[in-house]
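A short write-up of the structure that comes next.
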Amino acid sequence: MANYDPASFEKKWQDEWAAKKVNAARDQSDKQKFYVLDMFPYPSGAGLHVGHPLGYIASDIYSRYKRLQGFNVLHPMGYDAFGLPAEQYAIQTGQHPAVTTKENIARYREQLDKIGFSFDWDREVQTCDPNYYKWTQWIFLQLFDSWYNPANKKAEAINTLIAQLEMEGYKGNEDEALTGGFEIEIPAFTAAEWKNFSAAKKEEFLLNFRLAYLSETFVNWCPALGTVLANEEVKDGVSERGGHPVERKKMKQWSLRITAYSERLLEGLERIDWSASIKETQRNWIGKSEGCSIEFSIDGSQEKIEVFTTRPDTIFGVTFLTLAPEHPLVADITPAEHRSIVSEYVEKAKNRTERERMSDVKHISGEFTGAYAIHPFTGKKVPIWVGDYVLAGYGTGAVMAVPGHDSRDHAFAKHFGIEITQVVEGNVAVDIQEDSYDAKEGKAINSDFLNGLEVKAAVKAAIKAIEEKGLGKGKTNYRLRDAIFGRQRYWGEPIPVEYNNGLPYPMREELPLVLPEIDKFLPTEDGDPPLARAKDWKYETTTMPGWAGSSWYFLRYMDPKNNTSFASKDALNYWQNVDLYVGGSEHATGHLLYARFWMKFLYDLGLVPVDEPFKKLINQGMIQGYSAVVNKVPLLEKYTLYISNELAAEWKKKDEIPAFLQAEFEKHGVQNVSVNHIIEERIDINLVKGDYELDVESFKHSFHFEKGGEFIQEGKSFQVAREVEKMSKRWYNVVNPDDICNKYGADTLRMYEMFLGPIEMAKPWNTNGIEGVYRFLGKLWKLYIGENGESLVVDDAATKDELKTLHKTIKKVKEDIENFSFNTSVSTFMIAVNELGQMKCHKREVLEPLSVILSPFAPHIAEELWSKMGNAFSVTEQTFPTHDESYLVENSFAYPISINGKTRTTIEMALDMNPDEAQALIMANDIVQKWMEGKPLKKFIFVKGRIVNVVV
RNA sequence: GCUCGGGUGGCGGAACAGGUAGACGCGCGGGACUUAAAAUCCCGUUUCCCUAAAGGAAGUACGGGUUCGAUUCCCGUCUCGAGCACCA
């Protein structure tokens, strides 16, 4: 066992750490706390691939570093265990999702253990565990029992709303003290009337305010998956998972009133250290726009049309109004002679699926209603149109069209020949008839009292005038919609609610409401969700969505076994929130938004001490697969021809069969083939040698190979193409971390994943450099251990150079960890080992601290060497050394000397030399003299410790 | 279309704060050890010119600018990626 052999000790130390609980966080501690969290995984049947641990390794390094710095570190792991895949599998096989989930978790655990993570497994949580989801249900009931009080800008018990209603009644939509400006279609009533309402009627009213509420809403219904989907689970009109079509359907649904928190979710972003891009994504998703509402009266009608606009300054540019086809007033205002054509259009537009409407943006359609509105300032008649470019669900479903300054209105006006007027003038002259001028810069023109005002001032002046005339008022709109909180599925948290006359009430029994056993994991014959199959089930039959359990799990880790509350006050006050959260950016508008929402809600109720769950967020980039692709031409009733990539690529590029290939085709009697006959087949990446060479023999024995197939290649080897794409079983490009651990050991895997590049960058998995990391660990080993396994470490005093190497390494590694620049710290270790190897350094004074600073990255080898030096367990419990600047001070520096900005030579000079002395020395130099070519010195630039520039 | 990031050798990527561009690793070339191979070690490796060596020129997507000096700052163009997208 002389050479580095990770297999001989990695398991030993993993067991030792687990047995001695070196990773356990302390509940009580005088130490400062530090909470490092990974986004917990959904345990899929495929197991972990090398992409998953990327973030875990980074957070593990940070956790171990913080422990060495003397912090009490909480670094837990668990499983987001409810979810669709286990259930789909259950439907196909009859296997209970709890069983597959358990198996998958066991597999994940085994894989995670192999990599040597310092998780505190005593705190593991699984969202499908009744002891856990009891509290998910409990939080849901708190949401049900609360409303958002706009006056106090926070959630409160619903009783405070009831108290207000008993005192003052409800003033209808205008009652912003209660509604906060949200539209609720319930007429006003007095306090006395409220008191006389039946219990059911009161309950029905309160549902409009509860933060968890039941309502009839349009949902994204996915027939193929048999469930509704959240907005962020729908991309381009199809489901994100599986790509099934999604329809708009009206259903009774549980929702959470996240919209009440729009403003606070936006504001909170200012106080957290997340990447700019995630913050931007959340801001877009919340979609705040400030503007105002304006009422237009209709010529010859009592009805009024309310529009929302962010550009009230362009009010004088309004030349028509457009209503969404779904707008309730369309039918009322359309005069008889236009009715048939308008209603025909409306029907057609309504029946277009969401998908068509979204993907077919270029096609302009609309219809004139025949009705006119009155311009509130000019009194002119403006035509009212219907158009499907206006969305029913945003604002009021009606727009005041300003074709001069809104490109969509412009396109519509141009298409139908409606008048276009310019009311804002920018710096550049534009032909407003050709293109709209959308920029929010310039001065108002043709706009009566607004003339001459800059856009910003004009907006303010317009809102003021509109409010004074009683036409409308300043208003803020958000794009964010309430979150639908129910799935027509089995494998999720039951919603602890029972019904009385169709109205929901919290269940009376004690939580948890345990998921019942059912005979089949399918909807009933009546189309009810699977839970309706359960015996004597009197509760809600939908279950909670996947994100329920993940919206608060980070709190449970603080006190995972508590039976009397979701976490104790002491634990919550000590741990507060997550200091460092590491995970993928794909959760930007889902989990990361919902978790913030729940945290703010719990904060409002005084249940947690802070209102943001994750102080700092690092997004690890995806590790992509490096798929191997063979080109083949299947010949009907004949064999398949495999074509080496250099030929196929040329063929595809020129759309012309390369001469060599043509000759081969003739040999095989192949005629009439075109580029379109080439099929690109993904094959197992293990069948490729190096980057591009197909291992033909192995390939012939694999299931990919079609019998009788022949290979055509021009060069020595048969080439495949490579494609960078998602790592996935279906592309045969998955690399399993176990295989890497078995071959090179966990430490090599850990360091190699970090060495690949900056943590947040996406990159394809490529093992090309892994040998280098393995060799580095081998060289490190040799500093400590001799050929016969004996320790080489000696107690002699280290030399100045050795100490310099050590201390600059400590300094750089510390800086790099704190900047999450793990790739450069791996380089730094390599440089240190190279230098110490050159110096043949075996000094304890150097090697002991080196093993400590390496231990966050490569804990197994660090522990092994630590122990081989005769030290007591454990390296993980040491203190991260501080570097001593005095070892790093230089007293001279090889100054690069530039002449006119080009480096010509270097001259070694003392660092304390002053510019005048330096100048004298430099000007005397032969090379400098040569380059000056006798020209006079114009300027002499001397930057201490950096550079000298001689200008002639 | 809008917003935000990127573009550096054959490859992954370094370069703190405007100061020696290409650290570290891979790959490749050469050498040592070995009967041989593996492993290990040493030397070289941006491109071009010249070359025994020395030396020189160009060079961080492209074109301009600021500066004694620009991968870094500013303006314009191209391009790749991500997010948003009839959101009024």
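Everything numeric here is computed off the predicted structure, so don't read it as measured data. Excluded from the calculations below are hydrogen atoms, water molecules and symmetry mates; all remaining heavy atoms, backbone and side chain alike, are included. The chains referred to below are lettered A, B, ... by the order of the sequence lines, with proteins before strands, and numbering in each begins at 1.
- Separation of the C1' atoms belonging to B/rG76 and B/rG69 is 24 Å when rounded to the nearest angstrom.
- Crowding of A/Lys279 atom NZ: a count of heavy atoms from other residues, nucleotides or ligands under 6.0 Å exceeding 12.
- Looking at A/Leu937 and A/Met932, their side chains come closer than 4.5 Å, going by heavy atoms from C-beta outward.
- Each of A/Lys804, A/Lys811, A/Lys808 was compared with A/Glu885 under the salt bridge (charged side-chain N to carboxylate O under 4.0 Å, His left out) criterion, and only A/Lys811 meets it.
- The same atom, C1', is picked in B/rG55 and in B/rC50; the two are 8 Å apart, to the nearest Å.
- Rounded to whole Å, the P atom of B/rA39 lies 10 Å from the corresponding atom of B/rG27.
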- Candidate pair A/Tyr389 and A/Thr322, rule side-chain hydrogen bond (donor to acceptor under 3.5 Å, both in side chains), full reasoning: CA-CA 9 Å; A/Tyr389 80 98; A/Thr322 314; 3.1 Å; yes
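- At the heavy-atom level, A/Asn766 lies nowhere under 4.0 Å from the strands shown.
- Residue-level contact check: A/Gln838 touches the backbone only, with heavy atoms under 4.0 Å from sugar-phosphate atoms and none from bases.
- With both ends at atom P, the span from B/rC74 to B/rG9 equals 22 Å, rounded to whole Å.
- Backbone-only engagement by A/Trp931 is indicated by non-hydrogen atom pairs under 4.0 Å involving sugar-phosphate atoms exclusively.
- Which of B/rC86, B/rG25, B/rC84 sits closest to the side chain of A/Met830 comes down to B/rG25.
- Nucleotide B/rA85 holds its P atom 12 Å from the CG atom of A/Leu480, rounded to whole Å.
- For the C1' atom pair drawn from B/rG56 and B/rC42, the interatomic distance equals 30 Å after rounding to whole Å.
- Closest to the A/Arg775 side chain, of the nucleotides B/rG13, B/rG27, B/rA88, is B/rG27.
- When the nearest nucleotides of RNA chain B are assigned to A/Gly395 and A/Leu756 by heavy-atom distance, the more 5′-ward of the two goes with A/Leu756.
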- Item | 5'-to-3' dot-bracket of RNA chain B (Watson-Crick, G-U; under 3.5 angstrom; crossing pairs as [ ]; | other strand) | (((((((..(((......[....)))((((((.......))))))((((.....))))..(((((..]....))))))))))))....
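- Within the 4.0 angstrom heavy-atom criterion, only backbone atoms of the sugar-phosphate kind lie near A/Thr310; the bases stay farther away.
- Looking at heavy atoms from C-beta onward, A/Phe776 lies out of side-chain contact with A/Glu771 at the 4.5 angstrom threshold.
- On the P atoms, B/rC2 is 44 Å away from B/rC24, given to the nearest whole Å.
- Nucleotide B/rC86 holds its C1' atom 12 Å from the CG atom of A/Asp438, rounded to whole Å.
- Proximity note for A/Lys930 (side chain, C-beta onward) versus B/rA58, B/rU20, B/rG56: the nearest is B/rG56.
- Taking side-chain N and O atoms only, A/Ser289 has a distance below 4.0 Å to OP1 or OP2 of B/rA88.
- One interatomic measurement links the two molecules: CD1 of A/Ile941 to C1' of B/rG69, which rounds to 7 Å at whole-angstrom precision.
- A donor-acceptor pair under 3.5 Å is absent between the side-chain atoms of A/His405 and the main chain of A/Thr314, judged by distance alone.
- Comparing B/rA21, B/rC68, B/rC86 against the side chain of A/Asn949 picks out B/rC68 as the nearest.
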- Task: Verify ring-ring contact (aromatic ring centres under 6.0 Å, His included) between A/Phe412 and A/Phe320, making sure each step is shown before the conclusion.
- Result: CA-CA 10 Å; A/Phe412 194 85; A/Phe320 60 104; 5.7 Å; yes
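- For the residue pair A/Ser821 / A/Asn819, no side-chain donor-acceptor distance below 3.5 Å is found, with atom types taken as modelled.
- Listed nucleotides B/rU20, B/rC86, B/rC24 differ in distance to A/Ile831; the shortest reach to its side chain belongs to B/rC24.
- Within the 4.0 angstrom heavy-atom criterion, only backbone atoms of the sugar-phosphate kind lie near A/Lys779; the bases stay farther away.
- Counting to the nearest Å, the C1' atom of B/rU67 and the CZ atom of A/Arg946 are 17 Å from each other.
- Classification of A/Glu434 and A/Lys414 as a salt-bridged pair holds, one side-chain N sitting under 4.0 Å from a carboxylate O.
- Between A/Arg479 and the phosphate of B/rA88, there is no side-chain N or O to OP1/OP2 separation shorter than 4.0 Å.
- Under the 4.5 Å side-chain criterion, counting only non-hydrogen atoms from C-beta, A/Thr319 is not in contact with A/Ile420.
- Taking atom CD of A/Glu771 as the reference point, atom P of B/rG27 lies 7 Å away to the nearest angstrom.
- Put simply, the side chain of A/Asn900 gets close to the backbone of A/Val952: a donor and an acceptor are under 3.5 Å apart.
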- Task: Begin from the C-alpha positions of A/Asp816 and A/Lys812 and carry the test salt bridge (Lys or Arg N to Asp or Glu O under 4.0 Å) through to its verdict.
- Result: CA-CA 6 Å; A/Asp816 284 346; A/Lys812 176 85 168 110; 3.1 Å; yes
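- Contact annotation for A/Val399: base contact, defined as any heavy-atom pair under 4.0 Å involving a base atom.
- Comparing atom distances between the A/Thr309 side chain and each of B/rU20, B/rG19, B/rA88 picks out B/rA88 as nearest.
- Two residues, A/Gly287 and A/Arg904, neighbour RNA chain B, and the one matched to the more 5' nucleotide by heavy-atom proximity is A/Arg904.
- At a threshold of 4.0 angstrom between heavy atoms, the contacts of A/Asn768 are confined to the sugar-phosphate backbone, with no base atom among them.
- Atom CG of A/Asn834 and atom C1' of B/rA23 are 12 Å apart (whole Å).
- Of the charged side-chain nitrogens involved, at least one lies within less than 4.0 Å of a carboxylate oxygen, so that A/Glu270 and A/Arg283 count as a salt-bridged pair.
- In this structure, A/Asn900 places its CG atom 15 Å from C1' of B/rG19, rounding to the nearest Å.
- Comparing B/rA15 with B/rU46, their C1' atoms are spaced 16 Å from each other, to the whole Å.
- In this entry the distance linking CE of A/Met932 with P of B/rC68 reads 17 Å, nearest Å.
- Residue contacts shown for A/Asn823 are limited to sugar-phosphate atoms, with no base heavy atom under 4.0 Å away.
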- Note on the structure: Readout for nucleotides 2-9 of chain B: B = base within 4.0 Å of protein heavy atom, S = sugar-phosphate only, - = neither; 5' to 3' it is -S------
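- B/rG9 adopts a syn glycosidic conformation, its chi angle falling within 90° of 0.
- Rounded to whole Å, the P atom of B/rG44 lies 24 Å from the corresponding atom of B/rU34.
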